[in-house]
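Quick caveat: nothing in here was measured; it's all calculated off a predicted structure.
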Amino acid sequence: MPLNTESSWAVAGGTLSVHTHDSSSVGGEMRFGVFTPPQAANGPVPVLWYLSGLTCSWANVMEKSGIQHAAAKHGLMIVAPDTSPRGDNVADDEAYDLGQGAGFYLTATEKPWSPHFAMDKYVRDELPDLIGAKFKADLSRQGITGHSMGGHGALTLHLKNPKQYQSVSAFSPIACPSDVPWGQKAFKAYLGADESTWANYDAAKLVAANPSDATLLIDTGDADQFLDEHLTPQAFIDACKAAGQNINYRMQPGYDHSYYFVSSFIDDHVAHHAAVLNAI
């Protein structure tokens, strides 16, 4: 599979590189970032997938969080996909929370979105094959994390594929999307008005039906401007408790929804994944 390397930098003893390729899942060019830790010089290393939130790309976590330093310490490769397909031939919307930059890590069934919006298939199936072929990645050891919309993606992909993603965490996830404006808007556009189809992409409903054996590490700030309207963490906590899902949900005083928040706790999350993946 052809892969174009756009940029590469030395950082934290490893390498951050940015790549593009033609994706069969979304029918167009996709871009992603990879941090390869120094331990990869000695052989394949575990992979931690980082899914970004609305309006974001690979760059947000790689440029703002400092994740490379923690990943280098623990020997994890970080792969940061884009948040949606992009391009002149890809459907879009004027609003920031729909269309390009807002793929919601699902497979759209409604037009005009269905020809390109299949970010769950891209992240779960296509990109791992490419990473395994082109990088020193041990795909028998994978974890997944993300922020906001990406936290939603991380939780849902883990809960539906617990053997693929053995560890999971999230920052400020949209964990009950069927019940909040961000999720309702996206699901109606991408999946249609039949709300029964939404459950397959709703972490609260997925955990109620099939809890995993993993411990979910989740951080949210109590000063998050989206806390009450879009995140509703207590509803997800209650769903986990009712289902018997192990969860460590930490409400962090004074923190908001920004990457100042993410960068403050990224070391904890990388360590959480490393404890699981390096023990396999």
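Within 6.0 Å of the NZ atom in Lys121, the count of heavy atoms belonging to other residues, nucleotides or ligands does not exceed 12. By the neighbour-count criterion of 12 heavy atoms within 6.0 Å, atom CG of Asn89 is densely surrounded, having more than that number from other residues, nucleotides or ligands. Heavy-atom neighbours of Lys160 NZ from other residues, nucleotides or ligands within 6.0 Å: above the threshold of 12. Tyr260 OH: 12 or fewer foreign heavy atoms inside a 6.0 Å radius.
With values rounded to the nearest 0.5 angstrom, Tyr105 atom OH is found 10.0 Å from Thr156 atom OG1. To the nearest 0.5 Å, the span separating CZ on Phe236 from OG1 on Thr220 amounts to 10.5 Å. Separation of atoms CD (Gln142) and CG (Leu157) is listed at 10.5 Å; rounding is to 0.5 Å. In this structure, the separation between OH on Tyr201 and CD1 on Ile174 is 15.5 Å, given to the nearest 0.5 Å. Between Leu231 atom CG and Gln225 atom CD the span is 9.0 Å, to the nearest 0.5 Å. Between Gln68 atom CD and Thr36 atom OG1 the span is 11.0 Å, to the nearest 0.5 Å.
Taking both residues in full, the closest heavy atoms of Ala279 and Ala275 are given as CB-O, 3.4 Å, listed atom of the first, atom of the second, then distance. Nearest approach of Ala12 to Ala72, heavy atoms of both residues: O-CB, 3.2 Å. Heavy atoms only, all atoms of each residue included: Ser84 and Phe117 are closest at CB-CE2, 4.1 Å. The two atoms that bring Ala203 and Leu159 nearest to each other are O-CD1, 3.7 Å, heavy atoms only. Between Ser57 and Arg86, the shortest heavy-atom contact is CB-NH2, 4.3 Å.
At a threshold of 4.5 Å between non-hydrogen side-chain atoms, the residues Met119 and Thr83 do not count as touching. Lys205 has its side chain within reach of Asp179: a pair of non-hydrogen atoms, C-beta onward, lies under 4.5 Å apart. At least one side-chain heavy atom of Trp182 sits less than 4.5 Å from a side-chain heavy atom of Ser148. For the pair Lys136/Val45, no side-chain contact is recorded, criterion being any heavy-atom separation below 4.5 Å from C-beta on. Here the side chains of Val276 and Arg141 are not in contact, with every heavy-atom distance at 4.5 Å or above. The shortest distance between side-chain heavy atoms of Asp267 and Lys73 does not fall below 4.5 Å. Side-chain contact between Ile67 and Phe35 is absent, with no heavy-atom pair separated by less than 4.5 Å. At a threshold of 4.5 Å between non-hydrogen side-chain atoms, the residues Met251 and Ile237 do not count as touching.
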Decide yes or no on ring-ring contact (aromatic ring centres under 6.0 Å, His included) for Tyr122 and His21, but give the supporting numbers first. CA-CA 12 Å; Tyr122 174 71; His21 72 109; 5.7 Å; yes

Carefully, step by step, assess Ser25 and Asp125 under the rule side chain to side chain contact (heavy atoms under 4.5 Å, CB included). CA-CA 9 Å; Ser25 298; Asp125 301 328; 5.8 Å; no

Given side chain to side chain contact (heavy atoms under 4.5 Å, CB included), test Ile78 with Met62 step by step and report yes or no. CA-CA 9 Å; Ile78 309 297; Met62 295 298 193; 3.9 Å; yes

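In terms of modelled atom types and a separation under 3.5 Å, the side chain of Asp93 and the main chain of Leu98 share no donor-acceptor contact. Panel note: side chain Thr232, backbone Ala235; no donor-acceptor pair is recorded below 3.5 Å. A donor-acceptor pair under 3.5 Å is formed between the side chain of Gln164 and the backbone N or O of Arg124. In terms of modelled atom types and a separation under 3.5 Å, the side chain of Asp82 and the main chain of Phe32 share no donor-acceptor contact. At distances below 3.5 Å, not a single donor-acceptor pair connects side-chain atoms of Glu229 with backbone N or O atoms of Phe226. Of the possible donor and acceptor atoms, one in the side chain of Asp120 sits under 3.5 Å from a partner among the backbone N and O of Thr107. Gln39 contributes no side-chain N or O that, together with a main-chain N or O of Leu76, makes up a donor-acceptor pair within less than 3.5 Å. No donor-acceptor distance shorter than 3.5 angstrom exists from the side chain of Ser65 to the backbone of Val262, with no hydrogens or angles considered. Between the Ser169 side chain and the Thr145 main chain, no donor and acceptor come within less than 3.5 Å of each other. When atom types are taken as modelled, the side chain of Glu126 and the backbone of Ser24 share a donor-acceptor pair closer than 3.5 angstrom.
Judged purely by distance below 3.5 Å, without hydrogens or angles, the side chains of Ser52 and Asn60 never pair a donor atom with an acceptor atom. Using a 3.5 Å distance cut-off with no hydrogens or angles, the side chains of His272 and Ser167 do not pair a donor with an acceptor.
For the side-chain contact (heavy atoms from CB on, under 4.5 Å) with Ile218, the lone residue among Val168, Leu155, Asn248 that qualifies is Leu155. The only member of Leu48, Leu51, Val47 that meets side-chain contact (heavy atoms from CB on, under 4.5 Å) when paired with Ile144 is Leu51. Screening Phe104, Phe187, Tyr190 for a ring pair (Phe, Tyr, Trp, His ring centres under 6.0 Å) with Trp113, the sole residue that qualifies is Tyr190.
Cluster annotation: Leu127 and Met77 are assigned to the same hydrophobic cluster (Ile/Leu/Val/Met/Phe/Trp/Tyr, side-chain heavy-atom contacts under 4.5 Å, transitive). Both Val123 and Leu206 belong to a common hydrophobic cluster when Ile, Leu, Val, Met, Phe, Trp and Tyr are linked at side-chain heavy-atom distances under 4.5 angstrom. Under the 4.5 Å side-chain heavy-atom criterion for ILVMFWY residues, no single connected hydrophobic cluster contains both Ile280 and Trp49. Linking Ile, Leu, Val, Met, Phe, Trp and Tyr residues whenever their side-chain heavy atoms come within less than 4.5 Å places Val34 and Leu130 in a single cluster. Placement of Tyr165 and Phe171 in two distinct hydrophobic clusters is found when ILVMFWY residues are connected by side-chain heavy-atom separations under 4.5 Å, directly or transitively.
Taking the six-membered ring for Trp, Phe135 and His19 have ring centres closer than 6.0 Å.
Ring geometry for Tyr259 against His147 counts as perpendicular: the plane angle is over 60°, on a 0 to 90° scale with 30° as the lower cut.
Comment: Asp219 engages Arg250 in a salt bridge, judged by a side-chain N to carboxylate O separation of less than 4.0 angstrom.
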